[in-house]
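Ligands are counted one by one from 1 in listed order, and the atoms in each one are counted from 1 as well. Heavy atoms only: backbone and side chains are in, while hydrogens, waters and symmetry mates are out. Quantities reported herein were computed from a predicted structural model and do not represent experimental measurements. In this chain, numbering begins with 1 at the start of the sequence shown.
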Amino acid sequence: MKETLKKILAKTDLFVYENSVDEAEGTACAMVRNSNEKLLAVAGPKADLFKGSLENGFLLCPLTNENAEALQTLFPYTRPKSHKGHAFTMGLGDRLGLATPGHIRALRGHDIYPVFAQQSIRELNLTHRTFRDVISAASFNVFQEGYKSGFGADGDHLKTKDEIKYALESGCTMVTLDCSEKINTKAAKFTDDEVNAAYSELPRDVREHYENTYLGKDLPILGRVDEPELRRFVIVFWKAVDHAIECYKYIDEIKTVDVDFELSIDETLTITTPAEHFIIGNELHNAGITPISCAPHFTGQFEKGIEYAGNLTAFERDFRVHQEIAEHFGYKLSLHSGSDKFAVFSTVARVTKGNVHVKTAGTNWLEAMRVVSEVDPSLYRKAHKYAIEHRPEAEKYYHVSTNVSEIPDIDLQNDAYLPEYLNLPASRQTIHIAYGLLLENEWFRKEFFRCMFENEDLYYAFLERHIGKHIRMLTSD
Ligand code: ZN
C-alpha cells in the first residue's frame, strides 16, 4: 500500500515528506504539503478512521486533533509514552508546534528519551493552545520525520488537581507538579521569634509528626537537623508536602496509562537547601511515593534564554548534595530553565552520570525568531520594536534582569546585523518573553507562520545546531 500511495501522490502537485510514508493494517499514510499547509494523505481500509476530502484514490486530511488520534491509533509510535527506564530524558517544549523535526535531528545518535510535548498552563494560555493541540503537533511531527523511538508529553508546572485531570485526559504521560502556591514563601524570611509563633499555631499532629520523624535522629547525608531549622521547614513547606502526596494519589486514581511524576520546587524565591530537599524526599518516601524526578531551586540565576549567572564552584557543590539526596530516594534531578545554560552542563553531566532530566523551551522560539531575522528583516524589525515596547507587560509573566537600554537601536542597524539580536542577552530576553504578546497579534501571527512554513528546513537546521550544542555538552564526559 505504501508504494501505491507514493505512486498516487507522485501524480499530484503535493510535496511528500519521504520519511513519513508508512503503513499499518493495509493502510498507508504520508505527510504532505501544498503551497499553504501540511496535510495527511491516507489510502487503504483504515482511511475511515480519518476525516478529510476524497481525492483521486486517497483521502486528504487536515492536521486536526481528531486526525492526530486516528494516526496514533494506526501508528502507536506517534502516541506519547512514559519515559521510565530511560536515564537521560530531555524536555523540548515547542510553543509553536513546529520544532520537533529539528529536535529529532539534533537527537540523532544519542541515547536520549525526548519529551517533545511539554507545556505549562501559562504557556498554553499565552499561545491559546490546549494540551491536545500540543500533543497532536508532536504526533504529526514525529510522523513526518519517521521517528519511532518514543517520546513523552509533560503537563509542566501543574498546580491543581483540575489541571492534572485536564493534562492526563488530554494524553499527557508526565505530570510536573508545581507546589509553589502551597509554599509559605513569606515564612522563609521570618525571624526566629516569628517562626516560633507561627509554628505553635500549626495543628498538633503536624508538629508531632515532624518532630518525631526528624529531631534527635541521625539522618543520611544531612546528619542532624536542629529544632529551629525544622520549625522553619515545617511552616514553609508542610502544606506543599501534603499537596504533593495528595496529588500523587490523585494521579494514581485517575490515570489510564503509566505516568511520570515530577515534583518541582524550582519556582520559589529562595534556593532549596539540602535539608529542605531531604525532608521533602523523605516525606514522599514515607508515603510510598518515588517521583521520577525532582527539580530543586539550585543556587545561581537560571533566567530565561540566557547563560547561567552565578558561582560555578558553588553550583557544583550544591548540585552534588542534591544529587546525593535524589540518589538516596531513587529518583533523578531535573534541571528547569535549561535553555542556554551551557556553563553548568559539564557539571550536570559529570555529577549525574547522565541520569537526569533537563528541560528547555523558550530557546526553540528564539531560534524561530532567528529564522525571521535572517529571511524577513522587515517582519523582524516590527516584532523587535513591539517586544521592546511591550516588555513591561511580558515581565508580568517572567522574571528577567536585563535592561532594554542595553539593546542597540535597530533603526541604526542594517539587515545583516539583525540575527545578532538573537545573541545579545538583553534583546534575547526581550524577544524571549514576548512570544505570547506577539503571537496574539494577527499581523504578526499571519506573517510569522507563513515565514516559518516557507522556511521550515532553515528552522530545523538552526534547531539541530542549537539543541545539538546543548546535547553535546550534556553528554560529554
Ligand atoms: Zn520549572
By salt bridge (charged side-chain N to carboxylate O under 4.0 Å, His left out), which residues pair with [X], not counting sequence neighbours?
X	value
Arg320	Glu316
Arg207	none
Glu283	none

Worksheet item: Taking the six-membered ring of Phe342 as reference, does the NZ or CZ atom of Lys469 fall below 6.0 Å from its centre and within a 45° cone about the axis?
Response: yes
Item to complete: May I ask you to check if Arg95 and Tyr435 form a cation-pi contact, with NZ or CZ under 6.0 angstrom from the six-membered ring centre and within 45° of the axis?
Response: yes
Worksheet item: Parallel, tilted or perpendicular: which fits the ring planes of Phe302 and Phe298, with parallel below 30° and perpendicular above 60°?
Response: tilted
Worksheet item: Protein N, O or S atoms less than 2.8 Å from the Zn ion (ligand 1), ignoring waters?
Response: His157 NE2, Asp266 OD2, His336 ND1
